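All residue numbers in this chain count up from 1 along the given sequence. Everything numeric in this text was worked out from a predicted model, so none of it was measured.
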Amino acid sequence: MCLIALAYKLHPHYPLVLAANRDEFRARPADAAHWWNDAPNILAGRDRQAGGTWLGVHRNGRFAALTNHRDLRRPARQGPSRGSLVHQALQQEPPLQEADRYEGFNLLHGTLDALHCFSNVTGTGVALPPGIHGLSNAFLNSPWPKVQRATEGLAATLQQDPATWTEALFTLLKDDRTAAPHLLPDTGLSTEQEAALSSIHIDLPHYGTRCSTVLLVDQQGTVTFVERTWPAGTEVREVFTL
């Protein structure tokens, strides 16, 4: 994923409300979210190239999602695919002692009632406190314009009737406004490139938002998982109880 906004243990009836966009090169093949044949308790999309995923849920109550850390000044590492970490984290605690083998990443992982966020750039992890959080290609709650817009939009959505949340969050995830130049992060890209990547929804010729996910978990353990794949808007919807 390249953008995640979540409300964690904040709403009295929904301990987890999450909206996320996966941004990727358009030529990289991937399958939409499904229950995996070789791991039938995992619901997630799948990267056909390396076999991992970017966000998923396990029937055992585990959740995991990953964003890349973007800093072109850091030396590149030719390590394993970061998507394998999400796959592992959906089944058990991931081997984070080996995290320096990978390119920079942030990993949300754990059970749905005890989530953690780990960065291999800082080498540290934190238990996720109750509240609204945003994660893109820097660190947890870094004040990038797209993160702030997403978390503010999520906060506003939570004030509405829960029956409207899914569509409201998908509308938020389609926001293609770019940030003003003076608000752009500096990750080593040109100003033009930073601007193109500063919107919540990215739509470039060779790179962009490939899918959007809305995840709702209520107090009874009912999970509503909805994914829309772009540009077609094809929808996968799964509702199940942990």
Side-chain angles (χ1 to χ4, degrees), residues 1 3-22 30-46 52-67 86-94 107-117 127-135 140 150-174 200 211-230 233-242:
M1 310 304 293
L3 178 64
I4 301 171
L6 68 158
Y8 184 59
K9 296 183 177 179
L10 181 65
H11 192 277
H13 303 301
Y14 289 86
L16 180 62
V17 179
L18 178 144
N21 274 345
R22 179 197 181 220
D31 293 320
H34 63 285
W35 296 100
W36 291 12
N37 291 333
D38 56 344
N41 289 316
I42 290 178
L43 173 63
R46 199 158 202 179
T53 187
W54 50 92
L55 179 152
V57 183
H58 196 289
R59 287 191 187 274
N60 64 11
R62 296 192 67 84
F63 168 80
L66 182 141
T67 68
V86 181
H87 184 187
Q88 295 173 64
L90 288 170
Q91 300 174 91
Q92 60 189 7
E93 288 300 307
L107 179 67
L108 286 170
H109 68 99
T111 60
L112 288 166
D113 61 353
L115 288 178
H116 294 76
C117 185
L128 206 65
I132 291 181
H133 302 282
L135 183 61
L140 183 68
T151 52
E152 289 168 3
L154 174 57
T157 298
L158 294 181
Q159 303 305 310
Q160 304 172 18
D161 183 335
T164 70
W165 287 358
T166 298
E167 288 306 317
L169 292 174
F170 276 118
T171 297
L172 175 65
L173 292 171
K174 284 285 286 182
I200 289 175
C211 70
S212 302
T213 306
V214 171
L215 176 68
L216 311 176
V217 183
D218 69 16
Q219 287 284 15
Q220 288 70 48
T222 300
V223 177
T224 302
F225 182 111
V226 187
E227 177 190 274
R228 292 179 184 169
T229 302
W230 308 115
T234 306
E235 180 175 290
V236 173
R237 181 182 294 262
E238 294 284 346
V239 180
F240 60 98
T241 302
L242 299 172

Exercise. For side chain to side chain contact (heavy atoms under 4.5 Å, CB included), just list the numbers for Thr67 and Trp54, CA-CA rounded to whole Å, side-chain angles, deciding distance to a tenth of an Å, and then say yes or no.
Key: CA-CA 8 Å; Thr67 68; Trp54 50 92; over 6 Å; no
Quiz item: Do Leu215 and Phe63 pass the side chain to side chain contact (heavy atoms under 4.5 Å, CB included) test, and can you show the C-alpha distance, the side-chain angles, and the key distance before you say yes or no?
Solution: CA-CA 11 Å; Leu215 176 68; Phe63 168 80; 3.6 Å; yes
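Rounding to the nearest 0.5 angstrom, the gap separating the CG atom in Leu216 from the CG atom in Leu169 is 7.0 Å. Rounding to the nearest 0.5 Å gives a distance of 6.0 Å between CE of Met1 and CG of Asn21. Between atom CG of residue Leu154 and atom CG of residue Leu158 there is a gap of 4.5 Å, rounded to the nearest 0.5 Å. Expressed to the nearest 0.5 Å, how far NE2 of His11 lies from CD1 of Ile132 amounts to 10.5 Å. Residue Arg46 holds its CZ atom at 6.0 Å from NE2 of His34, rounded to the nearest 0.5 Å. Put simply, CG on Leu172 and OG1 on Thr157 are 6.0 Å apart, with the number rounded to the nearest 0.5 Å.
Between Val214 and Leu173, some side-chain heavy-atom pair lies under the 4.5 Å cut-off. Side-chain contact between Leu140 and His133: present, with at least one pair of heavy atoms (C-beta onward) separated by less than 4.5 Å. His109 places a side-chain heavy atom less than 4.5 Å from the side chain of Pro94. With a 4.5 Å cut-off on side-chain heavy atoms, Leu43 and Val223 do not count as touching. No side-chain heavy atom of Leu10 sits under 4.5 Å from any side-chain heavy atom of Pro130.
Ser212 approaches Phe170 most closely through the heavy-atom pair O-CE2, 3.6 Å. When every heavy atom of Ala20 is checked against every heavy atom of Leu55, the shortest pair comes out as CB-CD1, 4.0 Å. When all heavy atoms are compared, the tightest approach of His87 to Ile42 is CD2-CD1, 3.8 Å. For Asn37 against Pro40, the heavy-atom pair with the smallest separation is O-CD, 4.0 Å. Of all the heavy atoms in Ala65 and Ile4, the pair that sits closest is CB-CD1, 3.8 Å. Across every non-hydrogen atom of Pro15 and Asp218, the tightest pair is CD-C, 3.6 Å.
Just one of Glu93, Gln91, Gln92 meets the side-chain hydrogen bond (donor to acceptor under 3.5 Å, both in side chains) condition when paired with Arg62; it is Glu93.
With hydrogens and angles disregarded, no donor-acceptor distance shorter than 3.5 Å links the side chain of Tyr14 to the backbone of Tyr8. Judged by distance alone, with hydrogens and angles left aside, the side-chain atoms of Glu235 form no donor-acceptor pair with the main-chain N or O of Val226 at under 3.5 Å. Checked by atom type and distance alone, the side chain of Asn41 never pairs as donor or acceptor with a backbone atom of Asn60 at under 3.5 Å.
Counting heavy atoms of neighbouring residues, nucleotides and ligands inside a 6.0 Å radius, atom CG of Asp38 exceeds 12 of them.
A salt bridge between Lys174 and Glu167 is absent, with no side-chain N of the basic residue lying under 4.0 Å from a carboxylate O of the acidic one.
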